[in-house]
Amino acid sequence: MRQSKSFIPTLKEVPNDATVPSHVLMLRAGMVRTLGAGIYSFLPLGYKLVKKVSEIIREEMDAIGGQEFHLPALNPREIWEETNRVEAFGDILFHIKNKNRDYVLAPTHEEIMTYHARRVVKSYKDFPQIWYQIQTKFRNEPRPRSGVLRGRQFLMKDSYSLDSSWENLDTAYDLHYQAYHKIFKRCGLKFFVVGASSGAMGGTGSEEFMVQSDAGEDTVAHCESCGYSANVEVAASVVIPLVRDAESKAVYEIETPNVKSIDELCAFLNISETQCAKSRVYICNNEAVLVLMLGNDEVNETKLEKTLGAPFRPAHMEELKDITGADAGSIGPVGFPKKVIADLRLKDANNMFSGANKNDYHIGGIDFSRDIPSVEYHDLRTAKSGEGCPKCGSTMGVFTAIELGHIFKLGTKYSASMGATFTDEKGAENPIIMGSYGIGVERVIACYIEQHHDERGIVWEKEMAPFHVHLIGLNMKKEVVSQAAEKIYSELTAAGIQVLFDDRTDATVGFKFNDADLLGMPLQVIVGEKKLAEQKVEVKVRKSGDRSEVTVEQLLSTVKDLLK
RNA sequence: CGGGGCGUAGCGCAGCCCGGUUAGCGCGCCUGCCUUGGGAGCAGGAGGCCGCAGGUUCGAAUCCUGCCGCCCCGACCA
């Protein structure tokens with residue numbers, strides 16, 4: 001493609017409203033433009049990527065027997081009432097009212113697929129089915145952000161499996177699991193899989209395909225060596241256990257004026273934080289509960305809720321004094337009138353420091369087994385980066401990540417509420433057993449760029465690159481150069497290589513080089529007057545920056561080699 | 001929805017506190033010359049409802065009020 005005739009409006013400067021690298025680069029490389037908050041137009045170069053990713057997805061979906069649908073985005077509201085999801089989605093759902101009819105813009109398509117299934121899929125002989133679509137979904141996100149990573153309208157591949165038994169659902173789920181691995185691998189993404197924490201959607205299983213990114217919205221723990229992954233809300237970790245001192249001192253009170261935090265206490269008494277038990281008071285079922293954590297460990301509220309088995313809230317400042325006799329900063333387990341639970345790390349600890357339940361006092365010499373015998377121990381802490389993997393013990397990372405895809409065993413939630421049933425071998429009527437499987441197409445592109453860029457721009461690998469070669473004619477006003485470049489262009493193109501040809505006559509050298517690095521095609525072929533005098537052109541590998549000179553005759557084979 | 005920031009030419013910004021001729025700068029754009037191995041040079045030119053509305057004032061980009069839009073943090077996220 002000739003750049004002189006292409007609409008690839010690159011930007012030299014960083015647009016004011018973009019912060020994450022993929023957003024900045026997609027704007028700068030002329031891939032997308034903003035139309036409103038969370039609403040993006042894909043320009044030709046960006047759309048080329050969309051098509052590329054879609055095609056990879058399509059191939060892998062077809063390979064597992066998927067059949068592609070094209071479904072309406074405009075949906076009659078009633079269908080969404082059947083599963084009560086108008087209410088469930090709430091403000092997320094876009095509504096349209098037109099001449100007494102209510103419509104919604106589809107945020108996903110479970111209902112529509114189920115609607116079609118219930119009309120025709122009637123016998124156990126009709127299964128299995130995998131139905132999919134690659135289409136725009138609409139969700140009125142409360143806070144769109146990070147460019148295309150969280151938009152209010154976005155492209156999603158959604159597939160739905162229809163089966164007559166739970167075993168067959170497992171098969172469909174597994175097929176998707178494998179297909180997703182292939183898709184993301186082909187897209188050159190470094191990803192990992194996380195068992196989703198819990199879903200309000202019912203069903204028996206769900207996994208998320210994630211990519212590590214600072215722009216991510218989920219925090220996960222992941223172990224590179226064994227593949228253990230978990231949302232930090234449920235992640236366990238191995239930490240160095242406390243060693244119980246041989247002798248327990250007696251409990252003693254210490255005056256600690258204005259000492260509130262663990263850090264202040266450590267500084268004041270010149271002790272380490274692993275000698276301290278931090279206190280947090282929660283209210284659960286109208287009863288106070290004291291939660292003890294070692295040092296500065298954070299209470300993991302998801303784990304706490306599981307432990308308590310009921311919703312809870314942190315105690316208000318004013319309540320603390322009534323319950324404990326002290327304000328926050330001086331609370332501790334000894335003499336605490338209600339239930340006390342502690343993190344596993346504190347099990348049987350002794351000679352510990354904690355609040356005295358008396359303002360400006362702490363106590364030392366606490367022996368958990370002697371002084372608070374009724375305490376229950378649970379895993380209550382939030383895993384931190386650098387701690388041990390609970391599976392293999394290697395060092396584990398805790399970081400933010402982006403959800404690229406999600407596979408989900410829905411079960412009969414939608415088929416049951418919408419009456420999508422089939423007749424089994426024995427003549428009995430059963431709800432269809434379903435799964436749903438999504439991939440955010442733009443997210444794949446954005447994540448790719450998050451993982452494949454440097455300070456100069458995007459760095460495409462061959463598989464994802466919109467073009468294989470960026471052919472740069474340096475001074476296209478010189479006939480030697482333009483003739484040679486034109487010839488190379490036809491030659492490479494004829495050989496089936498996708499070439500972006502910078503044939504612009506008005507752009508200067510630096511301009512072209514910078515554009516090429518920004519756009520990031522894997523190879524740059526540079527045609528200039530000087531090298532041409534020796535019948536040579538230059539080939540630059542974008543990723544490494546390596547340049548080599550080759551004769552015009554050698555060019556095609558060199559390019560082919562480098563693209564292997 | 002809470003907290004913070006921003007809205008001035010296509011893009012990036014200054015001016016605003018402390019009101020006062022014609023609102024600036026860099027990049028980009030147009031014309032001409034010139035130039036081509038890392039975002040050139042010279043000369044000339046076009047381009048603005050200073051986000052919108054109201055108010056204060058002799059006078060508002062500048063002060064006040066309301067609204068809208070955008071970004072960031074948080075809450076939320078089948």
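Note on naming: letters A, B, ... go to the chains in the order of the sequence lines (proteins, then strands), and numbering restarts at 1 for each one.
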Report task. Write down the partner of B/C6 under the Watson-Crick or G-U wobble criteria, each distance required to be under 3.5 Å. Result -> B/G69
Query raised in the report: Which nucleotide in the list B/G38, B/C72, B/C27 gets nearest to the side chain of A/Lys12?
Result: B/C27
Report task. Measure from CG on A/Asp517 to C1' on B/G37 and round the result to the nearest Å. Result -> 13 Å
Query raised in the report: Between A/Lys477 (NZ) and B/A40 (C1'), how many Å, whole number?
Result: 12 Å
Requested in this report: Would you mind classifying the nucleic acid contact of A/Lys478 as base, sugar-phosphate or nothing, using non-hydrogen atoms under 4.0 angstrom?
Outcome: nothing
**Report entry** Nearest-nucleotide comparison on RNA chain B, the residue closer to the 5′ end among A/Pro142 and A/Thr34
**Finding:** A/Thr34
Query raised in the report: In whole Å, what is the span from the CG atom of A/Asn475 to the P atom of B/A40?
Result: 15 Å
Query raised in the report: When you match A/Lys536 and A/Arg152 each to their closest nucleotide on RNA chain B, which lands nearer the 5' end?
Result: A/Lys536
Query raised in the report: What nucleotide, of B/G38, B/U35, B/C76, holds the atom closest to the side chain of A/Arg145?
Result: B/C76
**Report entry** Nearest-nucleotide pick for A/Ala37, side chain only, options being B/G38, B/C72, B/C70
**Finding:** B/C70
Requested in this report: Taking only the side-chain heavy atoms of A/Arg456 (C-beta and beyond), determine which of B/U36, B/A75, B/G38 contains the nearest atom.
Outcome: B/G38
Query raised in the report: Between B/C72, B/G37, B/C77, which nucleotide has the shortest distance from any of its atoms to the side chain of A/Glu217?
Result: B/C77
Got a list of protein N/O to nucleotides 8-13 of chain B N/O distances below 3.5 Å?
residue : atom : partner : partner atom : Å
B/G12   : OP1  : A/Asn16 : N            : 3.0
B/G12   : O2'  : A/Glu13 : OE2          : 3.4

**Report entry** Test item: A/His176 side-chain N/O and A/Tyr173 main-chain N/O as donor-acceptor pair under 3.5 Å
**Finding:** no
Grab the N/O contacts between the protein and nucleotides 2-5 of chain B below 3.5 Å, and write none if there aren't any.
none

